[in-house]
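One structure is given below, encoded as structure tokens.
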Number of protein chains: 2
Amino acid sequence: MGVIPRKDGLASADRSQDPQHCPDAADPRIEALVHDLIGRVADKWTMLILELLEEKGELRFTQIGKLIGSISQKMLTQTLRHMERDGLVIRTVHPVVPPKVEYRLTELGQSLGAAFCGVWIWAERNLDAVEEARRTYGEPPHPRG
Amino acid sequence: MGVIPRKDGLASADRSQDPQHCPDAADPRIEALVHDLIGRVADKWTMLILELLEEKGELRFTQIGKLIGSISQKMLTQTLRHMERDGLVIRTVHPVVPPKVEYRLTELGQSLGAAFCGVWIWAERNLDAVEEARRTYGEPPHPRG
DNA sequence: CGGAATCCTCGATGATACTG
DNA sequence: CAGTATCATCGAGGATTCCG
């Protein structure tokens, strides 16, 4: 009981996360840089916008805000700027009135979206497992009555 | 110039992030849950500990702290507790003196590590591309100087 | 419409001290 | 050694206002 009847859209999609062992970075400098980079791109809003633009193609500023729903104007601007600066999105300003600014992914942004795909799929597939773990957390391994 | 001569350990590893289109979650409820779950596991320290345990197998509390280096004792405890609660790690207390507590990944934790693998590889491979984008950010598209 | 600027709050994190 | 508890800080992020 309590299991949400889902459509299994992603869940049965494929098995992109076969238990492969991920070799660690050989160089500590590289590892630090990689860690820093991930810290910036693995952001909450970045991931959502990435998914959105990957799906919709090209969107206006307000469009993105409405589709995400919960994001503030400040964070939307800030996140888009960072993504643009990191080469993930292209920002196009149409010189019309009222202003019209559109955003779309670069190839780099698309490749990042693809890389995150495995994590999304993992989350989809293991939602129940994690929730189960959280429920049983704290219970004694052998309840001796 | 300025390009770091790296060992290319991960960079030439494989191509786990072929530009596949990642289908979005069909159900908004699922998407919300997935987003929430990712928000918890995509944490900075979680990812580092995940990598560490995946590589080393089983480690003591202090071991992990020293290997990561920059983490505070508080965050280490907190992160490990969250990971244990979410079913990512197993915490084993050895009833000896002085105390000895060891941590290792569950299968769920290992699968998450594998899922993140694509992102690590992406970051390794596109470090230069992102840095290049950051350098050229702000420059006019067609410098008519 | 698409921002920039400002103010403000609150939670994440670090530092410190204590304990079993 | 492996924590727990407490206090202090600091910046992420929200709400609001103004502008081109």
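Note that the coordinates shown come from a computational prediction; the quantities given were computed from them, not determined experimentally.
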Touch class at under 4.0 angstrom, heavy-atom based, for A:Pro99 against every strand present: base
5' priority, DNA chain C, between B:Ser70 and A:Glu102 [closest heavy atom]: A:Glu102
First of B:Trp45 and A:Val101 reached from the 5' end of DNA chain C, by closest nucleotide: A:Val101
Nearest heavy atoms of A:Trp122 and B:Leu112, plus distance in Å: NE1-N, 3.3 Å
Any side-chain heavy-atom pair of A:Trp120 and A:Arg125 under 4.5 Å: no
Side-chain heavy-atom pair B:Arg104, B:Leu53 within 4.5 angstrom cut-off: no
Segment of DNA chain D, first to last nucleotide, that comes within the 4.0 Å heavy-atom reach of chain A: D:dG13 to D:dG20
Transitive ILVMFWY side-chain link A:Trp45 to A:Ile90, under 4.5 Å: no
Hydrophobic cluster identity match, B:Met75 and B:Ile49, side-chain contacts under 4.5 Å: yes
Atom CD of B:Glu58: over 12 foreign heavy atoms under 6.0 Å: yes
A:Met75 CE - C:dA4 P separation (whole Å): 13 Å
Separation of C:dG14 P from B:Ile68 CD1 (nearest whole Å): 11 Å
Contact nearer the 5' end of DNA chain D, comparing A:Lys74 with B:Gln73: B:Gln73
